[in-house]
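Encoded as structure tokens, the structure appears first; notes follow it.
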Amino acid sequence: MIKPRIAFDLDETLGVTITDSTSIIGFRLRDGCIELLEQLKLKYHLVLWTVASRSYLDKVLSFGLKDYFQETYSWSEIAGSWKDIRKIKVEFLIDDNEYYKEAAKKYGLESHYIIVPAYGCFEDNKEPLKWVQIVIPRLSSFYCDSEIQE
Ligand SMILES: [Mg+2]
């Protein structure tokens, strides 16, 4: 079975970097992150897409996230004014940046963007698992829709 491809943004979507005064020393995953990725990796081909540089991405991946993603993309491979999902051929992009969904409207692609509250924002602090509750139903409704069409 070919797994549907979905992409995640990195910073403020999955967590934030931990730094000391000079360098990155870790990556703090947000609540529910590992549980969600463990669940999704069974059904989906997971892609990680950041607009940060490759060296930054590789550094962050070394703290544990690399086990979940079959493909990773950074600004070094794909630069552009917005994250166009057609460039990496994914069904969905999960991202904290509303701007990408807005940009996608021009092409009628906005339903493929799942925007979640940024890690650490007011809304997230109030309900730390809300982002998971946004992602899961959107992905499962896609599943049901595609089954009906077959
Ligand atoms: Mg982000």
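Keep in mind that the numbers below use all heavy atoms, side chains included, and drop hydrogens, waters and symmetry copies. All values derive from a computational prediction rather than experimental measurement. When a ligand or atom number is given, it counts from 1 through the structure's own listing order. Count residues from 1 along the sequence.
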Parallel under 30°, tilted from 30 to 60°, perpendicular over 60°: which one fits the rings of F92 and H112?
-> tilted
Between E123 and K130, the two heavy atoms sitting closest are OE2-NZ, 2.8 Å
Which N, O or S atoms belonging to the protein are less than 2.8 Å from the Mg ion (ligand 1)?
-> D9 OD2, D11 O, D96 OD1
Result block: side-chain N/O donor-acceptor pairs under 3.5 angstrom for residues 12-26, not counting sequence neighbours:
from: T13; atom 1: OG1; to: D9; atom 2: OD2; distance (Å): 2.7
from: T13; atom 1: OG1; to: D96; atom 2: N; distance (Å): 3.0
from: T13; atom 1: OG1; to: D96; atom 2: OD1; distance (Å): 3.0
from: D20; atom 1: OD1; to: T22; atom 2: N; distance (Å): 2.9
from: D20; atom 1: OD1; to: T22; atom 2: OG1; distance (Å): 3.4
from: D20; atom 1: OD1; to: S23; atom 2: N; distance (Å): 2.8

cation_pi(R54, W75) dist<6.0 Å, angle<=45 = no
K105 with E102: basic N within carboxylate O range, under 4.0 Å | yes
If you measure from the Lys or Arg side-chain nitrogens to the Asp or Glu carboxylate oxygens, is any gap between R30 and D124 under 4.0 Å?
-> yes
